[in-house]
Student: 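Below: one structure in structure tokens.
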Amino acid sequence: MTRFSIFPAGNKQRALTERFLLSASAYVVGISLAWIATAFELAEISTPVLVWSTGIISFFIVGMYFLYRFGANNNIEDSVLTRLQMLAAIGWSSFFIFHTQELRGAFLMVYLFITMFSFFTLNRAQTVLIAFLIAAAYGWVILFDWVRQTPGFNLQVNLLQWVILSAVLVWLCAIAGYMTHVREKVRKSSIKIQQQNALIKEANQELEQALAKMELMANTDELTGIGNRHYFRQQAHSMVKQQYVDENSFAVCLVDVDHFKCINDQYGHHKGDRALKQIARELRVALPDETILARFGGEEFVVLLPNAALKSTMEQCEKMRTSIEQYRFSELELSAPLTVSIGATLFCSGDNLDSALRRADQSLYKAKEAGRNKCAYDFSLDPSLKQDLNLDSSIT
Ligand SMILES: Nc1nc2c(ncn2[C@@H]2O[C@H](COP(=O)(O)OP(=O)(O)OP(=O)(O)O)[C@@H](O)[C@H]2O)c(=O)[nH]1
């Protein structure tokens, strides 16, 4: 069961409720003063009038509190309800001031208290209007007393009080004007800061995008669109690090196009370029997604097969070789298929990247020597292979 809180949820609504309770405390002080003044016969309010006015004010306070507490004020145009509160406060204060004579000077303080509330939300013009209403209300009280010749009424004292009250109100209006100015300045600066933050955020995003683009460009082979040598180095180093942690071996394969010089010579560099692009695409299709494929240089590609073992490496190399062998290069009228030779090795514990690349390159050389369109392997570092197969390298 949720406990009832006297304050509503939400910062704005809570602030409004707190502000209202603060002004309600002024009503309570005002009513209490009226009761005390009546008890000491300093005010002319009859007990029934005092009782019903106290009842109505209490009802007003409770009603307003529930408006704020349950957010009903948001359905009203002036959702802060400042004007309504001000008018009510001026009305009630004038009512009590009208019923006092000797304590009237003290009760006039309530008017100033009301004006000070305008500092929270009203602008200069609205504060001036409130001050004008207060001066007018007290003016009416004086006029009424003078016309009906209220016993104990002193016109001179009341007029002097009215002048003093008006002077203080003018002074409060000047302060309200200054506060409006400061508030507006703070609001404008905060809007400016927000706009600048938005611009900085936008610039950061653009910078991040530009950096990402630059990184992509730095890692991409311009001709084929796959990773370049730099990309390969990066990926290989992170796989080496991972291998040190989980000890899962990975395969390093060098894929070299056979007799590519003849393609260039026969069909020209442009068609040679297009053939390289198609080879890169075919290799990508033949390989699993998690495989790293990069152009090592010229007509040579490099492949890193994560979590590879002897069998899976041989299967993948064979898959790459056959996929190129079977691919029909429509732009080239070839009498024999375009093929690749592949040299592969496993990167195992205690290995290093340069020696793995050297082994793969030596295997590639063997594949070329064996007639091309072949896969050759150097699994000499794989301990399981040494035990099970007793082989240092194999050519298929
Ligand atoms: N079209 C094109 N050709 C390239 C590119 N890079 C390298 N080559 C060519 O690839 C050929 C490589 O020739 P070689 O190293 O003799 O090797 P190969 O002719 O493929 O013969 P083997 O590798 O021994 O089977 C050269 O003619 C290079 O000019 C490139 O980006 N585009």
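First listed ligand is number 1; within each ligand, the first listed atom is number 1. Any value given below was found using the heavy atoms of this structure, including those in side chains, with hydrogens, waters and symmetry copies removed. Computed from a prediction, not measured in an experiment: that's the story for all the values here.
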Student: Kindly work out whether a path of hydrophobic side-chain contacts (I/L/V/M/F/W/Y, heavy atoms less than 4.5 Å apart) joins Leu155 to Ile164.
Tutor: yes

Student: Which of parallel (below 30°), tilted (30 to 60°) and perpendicular (above 60°) describes Phe70 and Phe66?
Tutor: parallel

Student: Tell me the ring pair (Phe, Tyr, Trp, His ring centres under 6.0 Å) pairs involving residues 219-254, sequence neighbours left out?
Tutor: Phe232-Phe296, Phe250-Phe347

Student: For residues 190-202, which residue pairs qualify under salt bridge (charged side-chain N to carboxylate O under 4.0 Å, His left out), counting only residues two or more places apart or in two chains?
Tutor: none

Student: Scan residues 267-285 for pairs that pass side chain to side chain donor-acceptor pair (under 3.5 Å), counting only residues two or more places apart or in two chains.
Tutor: Arg274-Glu331

Student: Who's touching ligand 1 if we go heavy atoms under 4.0 Å?
Tutor: Asp256, Val257, Asp258, His259, Phe260, Lys261, Asn264, His269, Gly272, Asp273, Leu276, Arg295, Gly298, Glu299, Lys368, Arg372

Student: May I ask you to decide whether Arg229 forms a salt bridge with Asp221, counting only side-chain N to carboxylate O separations under 4.0 Å?
Tutor: no

